[in-house]
Amino acid sequence: MVQGIIIPASDAEDMRAIELKEVEDYQKAVGGWIEALDIDSFGCTMYLNEEGLIRGLQYNRRATYLWWYHVPHARGRARLAGDAVLVGLPDRNGRSTDVSTSVRELMLGMTLCQVELQRLNSPEWRAAPSELQTYIEAVVGATLMMEYAPERSLRVVTTSI
């Protein structure tokens, strides 16, 4: 069994843990044939319905912004549609692995995060003026800010309260 996370297309539905055993489990979770997107910097692979856009499945804001944040060259080029499944990167044999504990805690836990920004030619990071938020909402905010503040570096960090 592979431990993963479902990212529903609907923002009204919570992300949740899922166990996947066979390719049919992935297909059932996304509602059709699967397509894999590796997100190396996050240590994950995201599976989606490969016909999601063609079939007019609902836009998946959370999956799209997670992908755009961690894979900047994809930003603005494509939107992801339909429910997504997040698992760990494939092993040497090409088999899916469990999503890491740290990713599970970020995506499903109550870890609060904030966006930090760094001005050009400055070593200092400072908190962006926003409230503490979940990891996925901080990722959405940071990715949006990257579009309007290209002269700054941005990152999402966890906070300790």
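- The side chain to side chain contact (heavy atoms under 4.5 Å, CB included) test with Leu66 singles out one residue from Val140, Ile136, Leu80, Val71, and that residue is Ile136.
- Scanning both residues, Ala29 and Ile6, for their nearest heavy atoms gives CB-CD1, 3.6 Å.
- In this structure, Tyr135 and Leu106 approach most closely via the heavy-atom pair CB-O, 3.4 Å.
- Atoms CG and CD1, on Asp25 and Ile34 in that order, are 10.0 Å from each other to the nearest 0.5 Å.
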Derivation and outcome, side-chain contact (heavy atoms from CB on, under 4.5 Å), residues Val85 and Ile5: CA-CA 6 Å; Val85 173; Ile5 297 170; over 6 Å; no

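- With sequence neighbours left out, the side-chain hydrogen bond (donor to acceptor under 3.5 Å, both in side chains) criterion links Glu137 to Arg61.
- Closest heavy-atom contact between Val103 and Cys44: CG1-SG, 3.8 Å.
- Looking only at side-chain heavy atoms (C-beta outward), Leu112 and Thr158 stay at 4.5 Å or farther from each other.
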N/O donor-acceptor pairs under 3.5 Å from side chains in residues 13-21, not counting sequence neighbours:
residue: Glu19; atom: OE2; partner: Gln3; partner atom: NE2; Å: 3.2

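- Atoms OG1 and CD, on Thr159 and Gln133 in that order, are 10.0 Å from each other to the nearest 0.5 Å.
- Contact record, Val99 with Arg104: O-NH2, 3.1 Å, taken as the closest heavy-atom pair.
- Of the candidates Ile39, Val139, Thr64, Leu144, Tyr69 forms a side chain to side chain contact (heavy atoms under 4.5 Å, CB included) with just one, namely Val139.
- Looking at residues two or more places apart in sequence or on another chain, you find a salt bridge (Lys or Arg N to Asp or Glu O under 4.0 Å) between Arg155 and Glu116.
- Taken to the nearest 0.5 Å, the OG1 atom of Thr111 stands 6.0 Å off from the CD atom of Glu105.
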Which donor-acceptor pairs under 3.5 Å do side chains of residues 45-54 form with protein atoms, sequence neighbours excluded?
residue: Thr45; atom: OG1; partner: Asp38; partner atom: OD1; Å: 2.6
residue: Tyr47; atom: OH; partner: Ser96; partner atom: OG; Å: 3.3
residue: Asn49; atom: OD1; partner: Glu51; partner atom: N; Å: 2.8
residue: Asn49; atom: OD1; partner: Gly52; partner atom: N; Å: 3.4
residue: Asn49; atom: ND2; partner: Val30; partner atom: O; Å: 3.3
residue: Asn49; atom: ND2; partner: Gly31; partner atom: O; Å: 2.9

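- Using a 4.5 Å heavy-atom cutoff, the side chains of Arg75 and Met146 are in contact.
- Leu108 and Ile7 fall within the same hydrophobic cluster, defined by Ile, Leu, Val, Met, Phe, Trp and Tyr side-chain heavy atoms under 4.5 Å apart, directly or through other members.
- A distance-only check finds no donor-acceptor pair linking the side chain of Ser153 to the backbone of Gln118 [under 3.5 Å].
- For Glu131, the CD atom is loosely surrounded, since the number of other residues' heavy atoms within 6.0 Å does not exceed 12.
- Scanning all heavy atoms of the two residues, the minimum distance from Gly4 to Val87 falls at CA-CG1, 4.0 Å.
- Residues passing the ring-ring contact (aromatic ring centres under 6.0 Å, His included) test with Trp68, sequence neighbours excluded: Tyr65.
- Under a cut-off of 6.0 angstrom, the local environment of CD in Glu124 is sparse, with at most 12 non-hydrogen atoms contributed by other residues, nucleotides or ligands.
- Using a 4.5 Å cut-off on side-chain heavy atoms (C-beta onward), Arg62 and Pro8 make contact.
- Checked against salt bridge (Lys or Arg N to Asp or Glu O under 4.0 Å), Asp91 has the following partners two or more places apart in sequence or in another chain: Arg95.
- Heavy-atom neighbours of Trp125 CH2 from other residues, nucleotides or ligands within 6.0 Å: above the threshold of 12.
- Here the closest heavy-atom approach between residue Ala128 and residue Leu117 is recorded as CB-CD2, 3.8 Å.
- A chain of hydrophobic side-chain contacts below 4.5 Å, direct or via other Ile, Leu, Val, Met, Phe, Trp or Tyr residues, connects Val156 to Trp67.
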